[in-house]
Each structure stands twice: as structure tokens, then as C-alpha cells.
Peer 1: 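Structure below; questions to follow.
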Number of protein chains: 2
Amino acid sequence: MTDGLAVQAFAALAQETRLAIYRRLVEAGPMGLPAGALAEALEVPAPTLSFHLAQLRGAGLITQRRSSRSLIYAVDVGRMTDVIAFLSDRCCSGQPELCLPSTRTRTDARPRRKAV
Amino acid sequence: MTDGLAVQAFAALAQETRLAIYRRLVEAGPMGLPAGALAEALEVPAPTLSFHLAQLRGAGLITQRRSSRSLIYAVDVGRMTDVIAFLSDRCCSGQPELCLPSTRTRTDARPRRKAV
DNA sequence: TCTATATTTCGATATATCTGGAAATATGGA
DNA sequence: TCCATATTTCCAGATATATCGAAATATAGA
């Protein structure tokens with residue numbers, strides 16, 4: 001993943017409505033959701049939704065497929081993996097274990113709970 | 001980390017110059033770098049740099065401290081951890097192990113290299 | 001082919017972000 | 001106190017992004 005692609009992915013996620021769209025698609029899982037269902041669920045006018053879907057798609061974060069009259073959108077988990085890897089590799093002071101919260105080293109690294 | 005904070009962090013990283021600034025600070029490590037050194041290294045005019053530093057700081061991604069006449073900036077690794085956790089927890093179809101590239105399950109999940 | 005549905009593209013407007021020169025502020029030394 | 005250095009804030013113009021009504025496109029059924 002190049003810097004340019006990373007910037008595009010961050011830009012796509014840097015907007016409340018788009019983040020909501022993305023998360024709704026995460027909930028929906030691999031089957032995805034048609035544009036209409038998203039528009040209704042998030043109460044966004046169709047042209048506005050279409051604009052944001054195009055942004056997310058341009059960033060490679062979601063995929064589009066047609067099923068009869070509906071266009072169905074779903075998350076591309078692989079791209080999100082790339083984004084997380086980019087942040088971990090390049091943005092954690094060369095110590096990715098400091099930034100990756102769910103590795104097996106986490107409990108070792110974390111200080112014990114303070115006695116109250 | 002709320003959605004709002006996440007959006008702010010993504011917006012901060014969604015710009016070439018700012019991403020370059022952030023990465024330079026990652027290289028510099030916990031000691032950080034004075035604004036002047038960043039301006040020279042990245043060939044950015046002082047007011048422009050100052051603007052971008054303010055954005056990164058507003059997003060909580062970097063810290064500022066004064067040392068004599070210089071203002072020294074350094075990454076806040078904790079905030080980056082939060083951002084990565086946000087993506088992993090909320091944006092990976094409820095299967096964070098799919099998106100966290102550096103867990104011990106990675107080699108198990110990845111297909112073997114193709115023979116050439 | 002005609003009509004209805006699902007969604008996008010067009011286009012105009014509003015809002016936000018980016019840029020960098022000039023001026024202001026903070027610090028330290030002579 | 002005066003001057004030099006480091007950096008920010010102010011400001012105005014340029015560029016990019018967001019919004020959504022109206023019109024266009026794609027699909028399917030009668």
C-alpha cells in the first residue's frame with residue numbers, strides 16, 4: 001500500500017456519513033446491502049449516498065456488484081487489513097507491538113490493575 | 001475512542017504533507033523534532049507547516065513541548081493505538097483476526113507462496 | 001414497447017480545507 | 001532594553017469536498 005492509497009483510504013473514512021455507511025456494511029457482512037437499504041437506514045438522500053459510496057469505492061474499501069435492479073455494496077476486508085498494516089508498520093515508532101492492541105503480547109505488556 | 005475522534009484522526013492523516021510530517025516524527029521517536037527541523041526536512045513554508053501541525057495536534061496524534069525558543073513535536077503512540085483498535089474492533093466484520101496482520105494467526109491464514 | 005423501480009450522473013450552491021506572505025508573539029542573549 | 005531567532009496567528013485567495021433537486025441510465029415485468 002502506497003502513501004497515496006493510504007491517504008485516499010483515510011480521506012474516505014474521515015467523514016461521519018461515510019464512516020456510518022462503512023460500519024453498516026461491516027454489520028451486514030460479506031452479503032452486503034443494496035444502496036436503497038443504506039439510504040433508508042441512514043436517512044441520506046440517494047444522490048448524497050451515491051456520492052459517498054463512490055468515494056469509499058474509489059478508496060478500495062468497498063465493492064459493488066449488481067443483482068437485478070439493485071447495486072449491492074460490501075466491505076473489502078482485505079483493503080482494511082492493508083490500512084491497519086500501514087498504520088502498524090509505518091506509524092508506530094518502529095515498535096508495532098505498541099500499537100497493535102490484540103496480539104498475544106498485549107497482556108504481557110499491559111501494567112497490572114492498580115489496587116484500590 | 002468515539003466516532004468523532006476517529007473521524008478527526010483520519011482527516012488528519014488524509015493529507016500528503018501531514019502524513020509525511022507524522023512519519024518523520026515517527027522516525028524521530030520519543031524525542032521528537034522542533035518545527036524548524038521539520039520545515040527544512042520537508043521543504044514546507046513555516047505557516048503551512050504550523051497549520052498542519054495544529055491539525056495533527058487537534059487530532060491528538062502528536063504532542064507539543066517547548067524547549068527554549070523551539071517548539072518540539074513528537075508522536076503520541078497511544079492515540080495511534082486507539083485508532084488501530086477502532087479500525088480492528090469496529091471495521092473488520094466482527095472478525096478482527098482477519099484485519100490484524102501481525103497476530104500469531106497470520107502465517108496460518110496466509111496462503112503459501114506460489115511456486116515459480 | 002411502455003411503465004415502474006433502483007440508482008447514478010449532472011449541475012449549482014454551500015462549506016471546508018490548503019497555501020503562504022505579512023505581522024504578531026515568545027524566548028534568550030548582548 | 002534592544003535585537004535576533006523560532007514559531008505562530010492573521011488574512012485573503014485558491015482549491016477541494018459535500019449536499020441534493022432534476023434529469024439520465026439500467027433493469028425487469030406487463
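First the proteins, then the strands, lettered A, B, ... as listed; each starts at 1. The basis for the numbers below is simple: all heavy atoms, side chains too, and nothing from hydrogens, waters or symmetry mates.
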Peer 1: Find the distance L71(B):CG to dT25(C):P and express it as a whole number of Å.
Peer 2: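 These atoms are roughly 16 Å apart.
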Peer 1: Can you tell me how far P of dT13(C) sits from CZ of F51(A), to the nearest Å?
Peer 2: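 Rounding to the nearest Å, CZ of F51(A) and P of dT13(C) are 18 Å apart.
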Peer 1: Any idea which heavy atoms bring A28(B) and L33(B) closest together, and the distance?
Peer 2: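 Heavy-atom minimum between the residues: CB-CG, 3.6 Å.
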Peer 1: Within this structure, what is the CG-to-C1' distance between L49(A) and dT7(C), rounded to whole angstrom?
Peer 2: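 These atoms are roughly 9 Å apart.
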Peer 1: What nucleotide among dT19(C), dT7(D), dT8(C) has an atom nearest to a side-chain atom of T17(B)?
Peer 2: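 Selected nucleotide: dT19(C).
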Peer 1: Taking 4.0 Å as the cut-off, does a side-chain nitrogen or oxygen of Q15(B) come that near to OP1 or OP2 on dT19(C)?
Peer 2: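 Checking Q15(B) against dT19(C): at least one side-chain N or O falls below 4.0 Å of OP1 or OP2.
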Peer 1: Donor-acceptor pair, R18(A) side chain versus A12(A) backbone, under 3.5 Å?
Peer 2: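 Between the backbone of A12(A) and the side chain of R18(A) there is a qualifying donor-acceptor contact (under 3.5 Å).
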Peer 1: Side-chain contact, heavy-atom cut-off 4.5 Å: L38(A) with V44(A)?
Peer 2: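 Contact flag for L38(A)/V44(A) side chains = no.
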Peer 1: What is the distance, rounded to the nearest whole Å, between atom CD of E16(A) and atom P of dT17(D)?
Peer 2: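 Atom-to-atom, E16(A) to dT17(D), this comes out as 18 Å.
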Peer 1: Mind calculating the distance between CG (L33(B)) and P (dA6(D)) to the nearest angstrom?
Peer 2: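 Whole-Å distance recorded here is 15 Å.
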Peer 1: Within the 4.0 Å limit for protein heavy atoms, which parts of nucleotides 21-30 of chain D are touched? Write it as a string from 5' to 3', B for base, S for sugar-phosphate only, - for none.
Peer 2: BB---SBS--
Peer 1: Less than 4.5 Å apart, any side-chain heavy atom of F86(B) and any of L5(B)?
Peer 2: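 Answer no - side chains too far apart.
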Peer 1: Between CG of L42(B) and CG of L49(B), what distance do you get to the nearest 0.5 Å?
Peer 2: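 Between atom CG of L42(B) and atom CG of L49(B) there are 7.5 Å.
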Peer 1: Report which part of the nucleic acid A35(A) touches: base, sugar-phosphate, or nothing (heavy-atom distance under 4.0 Å, all strands).
Peer 2: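 Answer is sugar-phosphate: A35(A) comes under 4.0 Å of backbone atoms only.
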Peer 1: Please tell me which of S70(A) and A54(A) maps to the more 5' nucleotide of DNA chain C, matching each residue to the nucleotide holding its nearest heavy atom.
Peer 2: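 Its nearest nucleotide being more 5', the pick is S70(A).
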Peer 1: Identify the two heavy atoms, one from A35(B) and one from L53(B), that lie closest to each other, and give their separation to 0.1 Å.
Peer 2: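 Taking every non-hydrogen atom into account, CB-CD1, 4.2 Å.
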Peer 1: What is the distance, rounded to the nearest whole Å, between atom CD1 of I72(B) and atom C1' of dA26(C)?
Peer 2: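 Atom CD1 in I72(B) sits about 15 Å away from atom C1' in dA26(C).
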Peer 1: Specify the residues of residues 4-14 of chain A, ordered by number, for which at least one heavy atom lies under 4.0 angstrom from an atom of DNA chain C.
Peer 2: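 By residue number: none to list.
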Peer 1: Which atom names give the shortest non-hydrogen contact between V7(A) and L13(B), and what distance separates them?
Peer 2: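 Distance-wise, the nearest heavy atoms are CG2-O, 4.1 Å.
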Peer 1: Report the nucleotide, chosen from dT8(C), dT8(D), dT19(C), that has the shortest atom-to-atom distance to any side-chain atom of H52(B).
Peer 2: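 Selected nucleotide: dT19(C).
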Peer 1: Does dT8(C) have its OP1 or OP2 closer than 4.0 Å to a side-chain nitrogen or oxygen of S50(A)?
Peer 2: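 S50(A) to dT8(C) OP1/OP2: side-chain N or O found under 4.0 Å.
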Peer 1: Starting at atom CD of Q55(A), determine the distance to atom P of dT8(C), rounded to an integer number of angstrom.
Peer 2: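 About 13 Å, once rounded to whole Å.
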Peer 1: Considering only side-chain heavy atoms of Y73(A), which listed nucleotide, dC18(C), dT7(C), dT8(D), is closest?
Peer 2: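 Nearest to the side-chain atoms of Y73(A), counting from C-beta on, is dT7(C).
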Peer 1: Does the side chain of Q15(B) reach to within under 4.5 Å of the side chain of F10(A), using non-hydrogen atoms?
Peer 2: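 Contact flag for Q15(B)/F10(A) side chains = no.
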Peer 1: Expressed in angstrom and rounded to an integer, what is the separation of L53(A) atom CG from dA18(D) atom C1'?
Peer 2: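 After rounding, the reported distance stands at 14 Å.
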Peer 1: Decide yes or no for L71(A) and Y73(A): does some side-chain heavy atom of the first lie under 4.5 Å from some side-chain heavy atom of the second?
Peer 2: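 Touching, per the 4.5 Å side-chain cut-off.
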Peer 1: Where do L61(B) and R79(B) come nearest, in terms of heavy atoms and distance?
Peer 2: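 Minimum heavy-atom separation between L61(B) and R79(B): CD2-CG, 3.7 Å.
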